[in-house]
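Here's the structure, in structure tokens; my notes come after.
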Amino acid sequence: MKKLLLRKTISILVLGAIILSMSLLTTSGTTMVATPTAASGTSSSSGEKKFIKYVEFNVPYLALKKAMNLDIEAHKQGKDLSWITILAYLGAKYGGDFSRYKSADIDAFLKQLETKSVEEITSGMKYYNYYHEAYSAVLGGMLGKYIENGQKKYGLIAYSPIAKGFPYTGYDDFGARRTYGYTRPHLGHDMMAATGTPVIAVESGIVEALGWNQYGGWRIGIRSFDSKRYYYYAHLRQNRPYAANLALGKIVKAGDVIGYVGRTGYSTHENVNNIKVSHLHFGLQLIFDESQKECDNEIWIDVYALTKLLRQHQSEVVRNNETKEYTRASDIIIESDTAKFH
């Protein structure tokens, strides 16, 4: 395990060097990142399968929020305007560097859409398709149609990892230094919350990992139904880390209670509290080809801005005083999940 993570750290440093060097090149005034690979599922002339091998997701909260609200409002008016399209356009325009983000650039894009199609607007953008596929992988399970209290709605179908009514704090700590075992970058987001705080499934999916990991302690791994996203929840509570009946292979729904915040981990022995402060480590890995699931070049993205966005959609929970377990207070029917739960 130590050798694998060391190789992963080296790979990340190499990728960082590549991106830094490529950022010095400009084309038509746009900063370029490392050349994206072809879309997944295609093959080169040599027969090698091509798929996206690197994604840096640094879309800020304000851009996510504005694009999402425009998508939702367009849907109410019977129009088709995907927030992923908006953000992919910005990604191609900025060369992935969202430090250049201006709200007016979204307004200008919408103005162009009054007379041109998306294809016409983006025809000269070399990497638009790359950003569209990359951002589709990140955001594909976040918005959709659902039924709540008998009413048909459209909006956020993904939930915050922390249940409603339970406070937490955090900052953008992706890439921060960690030293247990060896020095490495932090490939997730720490959400500081009290021990026992209910942890929520962000998206519906299948429990793919469950049990002890010396770095993450008691942890849960959930794979989205489209297999593109692997959600990682770590450092769960000592002795009773998981929600009742949670098991490998089980299907969970977005908004379900899956476990409880704790401070386990940093030990080769199970059920040990070696983390100083209780918190949830929340991570998101992108998978464009199954070979990426566990390898030296896994794609973990910065989810800080996403957690800020999802904070406006938290799952309300209720406590059973006899079992001391929490469960969701109300349910929604997510259209894209219907076949999976019937």
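Numbers for residues simply follow the sequence, beginning at 1.
Salt-bridge annotation for Lys253 and Asp337: absent, with no side-chain N of the basic residue lying under 4.0 Å from a carboxylate O of the acidic one. Lys152 has no carboxylate O lying under 4.0 Å from a charged side-chain N of Glu335, or vice versa, which leaves the two without a salt bridge.
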Next on the checklist: What verdict does the side chain to side chain contact (heavy atoms under 4.5 Å, CB included) test give for Ile287 and Ile299, after you've listed the backbone C-alpha separation in whole Å, the side-chain angles of each residue and the deciding distance to 0.1 Å?
Outcome noted: CA-CA 7 Å; Ile287 301 169; Ile299 304 173; over 6 Å; no
Item to check | Residue pair Asp173, Arg178: steps toward the side chain to side chain contact (heavy atoms under 4.5 Å, CB included) verdict | outcome: CA-CA 11 Å; Asp173 54 344; Arg178 294 291 185 268; 4.0 Å; yes
Item to check | Test log, rule side chain to side chain contact (heavy atoms under 4.5 Å, CB included), inputs Lys340 and Ile206 | outcome: CA-CA 10 Å; Lys340 303 292 183 180; Ile206 301 170; over 6 Å; no
Next on the checklist: Please evaluate residues Tyr260 and Val257 with respect to the criterion side chain to side chain contact (heavy atoms under 4.5 Å, CB included), reporting the C-alpha separation (whole Å), side-chain torsions for both, the decisive distance (0.1 Å), and the verdict.
Outcome noted: CA-CA 8 Å; Tyr260 300 94; Val257 176; 4.2 Å; yes
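Listed for the Glu325 side chain is no donor-acceptor partner under 3.5 Å among the backbone atoms of Ala243. With hydrogens and angles disregarded, a donor-acceptor distance shorter than 3.5 Å links the side chain of Ser117 to the backbone of Glu120. Formation of a donor-acceptor pair under 3.5 Å by the Glu290 side chain with backbone atoms of Ser227 is not found in this model. In this structure, Arg184 contributes its side chain and Tyr180 its backbone to a donor-acceptor pair below 3.5 Å. Within the 3.5 Å criterion, the main-chain N or O of Ala158 finds a donor-acceptor partner in the side chain of His313. Side chain of Asp97 to backbone of Ser99: a donor-acceptor contact under 3.5 angstrom is found. Judged purely by atom type and a 3.5 angstrom limit, Gln314 has no side-chain atom pairing as donor or acceptor with the backbone of Gly165. Side-chain N or O atoms of Ser315 include none that pairs as donor or acceptor with a backbone N or O of Ala163 at under 3.5 Å. Asn213 places a side-chain N or O within 3.5 Å of a backbone atom of Gly216 that can act as its donor or acceptor partner. No donor-acceptor pair under 3.5 Å is formed between the side chain of Glu73 and the backbone N or O of Leu70.
For CG of Asn320, the number of neighbouring non-hydrogen atoms (other residues, nucleotides, ligands) closer than 6.0 Å is greater than 12.
In this structure, a donor-acceptor pair under 3.5 Å is present between the side chains of Glu203 and Tyr231.
Under the side-chain contact (heavy atoms from CB on, under 4.5 Å) criterion, Ala74 pairs with Lys79, Leu81, not counting sequence neighbours. In terms of the salt bridge (Lys or Arg N to Asp or Glu O under 4.0 Å) criterion, Asp105 has no residue partners (sequence neighbours excluded). A search for salt bridge (Lys or Arg N to Asp or Glu O under 4.0 Å) contacts involving Lys111 returns Glu114, not counting sequence neighbours. Thr195 is linked by a side-chain contact (heavy atoms from CB on, under 4.5 Å) to Arg237, Ser278, counting only residues two or more places apart in sequence or in another chain. With sequence neighbours excluded, no residue forms a ring-ring contact (aromatic ring centres under 6.0 Å, His included) with Tyr242. Residues meeting the side-chain contact (heavy atoms from CB on, under 4.5 Å) test with Ala234, sequence neighbours left out: Arg219, Tyr232, His281. In this structure Ser82 satisfies the side-chain contact (heavy atoms from CB on, under 4.5 Å) test together with Asp71, Ile84, Thr85, sequence neighbours excluded. Residues passing the salt bridge (Lys or Arg N to Asp or Glu O under 4.0 Å) test with Arg311, sequence neighbours excluded: none. Qualifying ring-ring contact (aromatic ring centres under 6.0 Å, His included) partners for Tyr168, counting only residues two or more places apart in sequence or in other chains: none.
To the nearest 0.5 Å, the span separating CG on Leu280 from CG on Asp190 amounts to 8.0 Å. Put simply, NZ on Lys276 and CG on Asn274 are 10.5 Å apart, with the number rounded to the nearest 0.5 Å. Here the CZ atom belonging to Phe225 is positioned 8.5 Å from the OG atom belonging to Ser336, to the nearest 0.5 angstrom.
The six-membered or imidazole ring of Tyr304 lies away from that of Phe174, with a centre-to-centre distance of 6.0 Å or more. For Tyr131 and Tyr127, the ring centers sit 6.0 Å or farther from each other.
In this structure the side chain of Phe166 never reaches within 4.5 angstrom of the side chain of Val261, judged on heavy atoms. In this structure, the side chains of Asn129 and Glu133 stay at 4.5 Å or more apart for every pair of heavy atoms.
Under a hydrophobic-cluster definition in which Ile, Leu, Val, Met, Phe, Trp and Tyr are linked whenever side-chain heavy atoms come within less than 4.5 Å, directly or via other members, Val252 and Val318 are assigned to different clusters.
Sequence neighbours left out, the pairs with a member in residues 141-151 that pass side chain to side chain donor-acceptor pair (under 3.5 Å) are Glu148-Lys153. Pairs passing the side chain to side chain donor-acceptor pair (under 3.5 Å) check and including a residue from residues 155-164, sequence neighbours excluded, read Tyr159-Arg328.
Closest of all the heavy-atom pairs between Ile220 and Ile258 is CD1-O, 3.4 Å. Considering all non-hydrogen atoms of both residues, Leu236 and Thr264 come closest at O-OG1, 2.7 Å. Heavy-atom minimum distance, Trp83 versus Ala67: CB-O, 3.3 Å.
Of the residues Lys250, Arg229, Arg223, the one that meets the salt bridge (charged side-chain N to carboxylate O under 4.0 Å, His left out) test with Glu208 is Arg223. Each of Tyr135, Phe109, Tyr128 was evaluated against Tyr89; a single residue qualifies, Phe109, per the ring pair (Phe, Tyr, Trp, His ring centres under 6.0 Å) test.
Ring geometry for Phe98 versus Tyr94: interplanar angle over 60°, hence perpendicular rather than tilted (30 to 60°). Phe282 and Tyr233 have tilted rings, their planes meeting at an angle from 30° to 60° on a 0 to 90° scale.
Hydrophobic cluster of Val277: the remaining members, joined at side-chain heavy-atom separations below 4.5 Å, are Met192, listed by chain and number.
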